[in-house]
Number of protein chains: 2
Amino acid sequence: MGELSERQKFILTLVIHEYVRSAQPVGSQTLVDRYALDMSSATVRNEMVALTEAGYLRQPHTSAGRIPTEEGYRYFVSRMVRQSELPAPIQRTISHQFYQTRHDIEEWMRLAASVLAHQSRVASLVTAPHSEQARLKHLELISTRGRQVLMVLVLTGGEIHQQILALPEPISQDKLTEAANHITQLYQGQDINGTNVSNSNLSAFEQVVLGLVSGLMGQSNALVAGEVYLDGLTNVLAEPEFAGSEEARRALHLLEERSLLEDLLSRTVLRSPASGVQVLIGGEGTWDDLRQCSVVLARYGTPGLATGTLGVLGPMRMPYGRAISTVRFVANLLSDLVTETMVE
Amino acid sequence: MGELSERQKFILTLVIHEYVRSAQPVGSQTLVDRYALDMSSATVRNEMVALTEAGYLRQPHTSAGRIPTEEGYRYFVSRMVRQSELPAPIQRTISHQFYQTRHDIEEWMRLAASVLAHQSRVASLVTAPHSEQARLKHLELISTRGRQVLMVLVLTGGEIHQQILALPEPISQDKLTEAANHITQLYQGQDINGTNVSNSNLSAFEQVVLGLVSGLMGQSNALVAGEVYLDGLTNVLAEPEFAGSEEARRALHLLEERSLLEDLLSRTVLRSPASGVQVLIGGEGTWDDLRQCSVVLARYGTPGLATGTLGVLGPMRMPYGRAISTVRFVANLLSDLVTETMVE
DNA sequence: TTTTAGCACTCTAGCCTTTAGAGTGCTAAT
DNA sequence: ATTAGCACTCTAAAGGCTAGAGTGCTAAAA
């Protein structure tokens, strides 16, 4: 599997481009015609033989055209599309859309998912910014109609959690506010995790609240990602390779099921130190459900404070250039927005 | 289309049951065999002719078995499965699951969606409780890293909104807290919508914040529903009638696209006064995207304070009995939980 | 009057066969 | 090194055939 000649790389690119476009095996004559190549189909055939022997192309059957192998896609992605950028007009359009939603964080996530899905016509996911070791920023206790209290917790990084607390007997809103302020004052900026939550300065009620806060923070820190926003799931159903097959269901199920998604994210972007875009092609031998799929992922945010993940999932026959540049661009955009707004 | 005899109703029920099970046209002999009927296939055939003439059954082609028509399903749903209840053991299992998540409101929504999807093997949706005329309960202002402020708004009904506020110059957290408390005190329990947001008791900064709060509340009140939780989208892809067809995509797209979903909800459950379960069969002539689908919907919560919607979407060939009783049961369960926890 | 056995008829899904044509690999000429 | 020419391969689409599931009708039985 040595180095390829320039012409071989060129033909590999064309085969991939044409296959992504048409979803049909690509023949030598087709390629010459469609791209007005300055050589004969026989020459293209010879190069195709070389690319096939190198493991970058394969034939569905003896007398058919070529389609890219997983290795073919990998070669293409790693050496040929890394540097491409999203066209400037599209960049401006997207930036403008984000500007219009500049006041609403949740809307950023939804918009990011929508942009990713539309730009590359695949399924997309965005996780809300999340810190693996958040500290307390603010606590609020709000009385409800019943004998219950709504607890609102703001963590550094900007995450907001709410939880319900059942009281043995009603407590007035004034007392609740007082308790919340007391705890906020004492524990602001700390990671109240699990242990060491007894404090003789606190009333019995405050002690209980503190225990719950501690539990919630521990639970939150254990998570790999924040809330998940999906979009464009129906896009991938339109792809011919997924027409009615089991494969599509399994891949989308991976996105629907939080635990599966956490596994995917924790073993990829979150393990890698670099902030670049990562491309998983064909499940990489680890995820059976993604054998027919590719995933393009990137992290955004401020490492240490709060980060999120975004990316797209589609068939292996995916417009990688477009997908990668879109993911990179949106990740940078979200990073800027979120870093500016980070609660610390 | 007069009244049906008891035996005709019985046979209609069997045909629907068998067709839902097998997804194949149902023949007279099949029915006699499988359900050990006490009559001959000829008798069944005669009744089938009557049911076909009445418009409740049809034949895909001359010499095939029968399948239910839309009208057939409607007749079945309106007169024969209304009263059925979810089996007690399943009720207990579900109640137990909800008990385990009793502290986390968001988790209720996710669990409700999950239960609906699993029990009837279809796609499900749940919208968070939402009030059409919420009032202010509490306002919080939190300084961020940049020159921006995170505004957290708690409304009656328990909805929480966050928004970003860009400052011309930094303001200390103390001043922010003071401003938030001031506004909370003055406007708590009010619906600050659009007009009349000038108040000489407020500083210029507080005036700005108040304007934003007003805008956000107006925006929130205009929405038909709260956040949307989906589950089981991949379930419906397994159905044979949706294998690779355009239909499945269009139906699921309706759930993905917020605006389409709002239209659906606003014209159905939200228009109907009764609190019962509503069944839409085959798009009811209004929703082209649902021509092959049925939707079972119900409202939950406390009318006037805050309500949400939940339901399932699947192929018209759907286990209506199971779907309806599950939707009704989960709606009642969520109503109890949410009403108890309602912030007012 | 209602039910049922019997029977001729209909229509599809599945299977086979055939065939057009897109594509290949090889060889020999350029 | 490239390319024209050609025999060969394989699939996907089209046509023909058949088994069998299911019907509607009629006339006998209950």
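Each chain gets a letter, A, B and so on, in the order the sequences are listed, and its residues count up from 1.
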Rounded to whole angstroms, how far apart are [atom1] on [X] and [atom2] on [N]?
{"X": "M48(A)", "N": "dG23(C)", "atom1": "CE", "atom2": "P", "answer": "9 Å"}
{"X": "E18(A)", "N": "dG23(C)", "atom1": "CD", "atom2": "C1'", "answer": "15 Å"}
{"X": "Q59(A)", "N": "dA22(C)", "atom1": "CD", "atom2": "P", "answer": "17 Å"}

Enter the inter-axis angle for the ends of the helix from dT1(C)-dA30(D) to dT30(C)-dA1(D) (five pairs per end, rounded to 10°).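 Computed angle between terminal axes is 30°.
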
Aromatic plane relationship, Y75(B) with Y56(B) - under 30° parallel, 30 to 60° tilted, over 60° perpendicular: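 Rings of Y56(B) and Y75(B): tilted, as their planes differ by 30° to 60°.
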
Would one find a side-chain N or O of R7(B) under 4.0 angstrom from OP1 or OP2 of dT3(C)?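 Looking at the OP1 and OP2 atoms of dT3(C), one of them is under 4.0 Å from a side-chain N or O of R7(B).
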
Looking only at the side chain of R66(B) (C-beta and beyond, no hydrogens), which of the listed nucleotides dG25(C), dT3(C), dG24(D) gets closest? dG24(D)

Strictly by modelled atom types, are E18(A) and Y35(A) linked by a side-chain donor-acceptor pair under 3.5 Å? yes

Any residue meeting side chain to side chain donor-acceptor pair (under 3.5 Å) with Y73(A), in chain and number order, not counting sequence neighbours: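 Per chain and number, Y73(A) pairs via side chain to side chain donor-acceptor pair (under 3.5 Å) with no residue.
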
Contacts of type salt bridge (charged side-chain N to carboxylate O under 4.0 Å, His left out), residue E256(A), not counting sequence neighbours: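 E256(A): no salt bridge (charged side-chain N to carboxylate O under 4.0 Å, His left out) contacts found.
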
Does E284(A) have any salt bridge (charged side-chain N to carboxylate O under 4.0 Å, His left out) partners at least two apart in sequence or in another chain, and if so, which?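 E284(A) satisfies salt bridge (charged side-chain N to carboxylate O under 4.0 Å, His left out) with R74(A) once adjacent residues are dropped.
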
Which letter, B, S or -, goes with each nucleotide of nucleotides 8-19 of chain C from 5' to 3', with contact meaning a protein heavy atom under 4.0 Å? --BBS-------

Is it the case that over 12 heavy atoms from other parts of the model lie below 6.0 angstrom from the [atom1] atom of [X]?
{"X": "R34(A)", "atom1": "CZ", "value": "no"}
{"X": "R250(B)", "atom1": "CZ", "value": "yes"}
{"X": "D288(B)", "atom1": "CG", "value": "yes"}

So that I can tick it off, tell me whether E70(A) and R58(A) are bridged by a salt bridge, with the cut-off set at under 4.0 angstrom between side-chain N and carboxylate O.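 Between E70(A) and R58(A) there is no salt bridge, as every charged N stays at least 4.0 Å from the carboxylate O atoms.
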
Would you check if the side chain of R66(B) reaches a backbone N or O of Q59(B) as a donor-acceptor pair within less than 3.5 Å? no

Between L116(B) and G311(B), what is the shortest heavy-atom contact and its length?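 Scanning both residues, the minimum pair turns out to be CD1-O, 3.8 Å.
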
Where along residues 21-47 of chain A does a heavy atom fall under 4.0 Å from DNA chain C?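 G27(A), S28(A), T30(A), R45(A), in order of number.
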
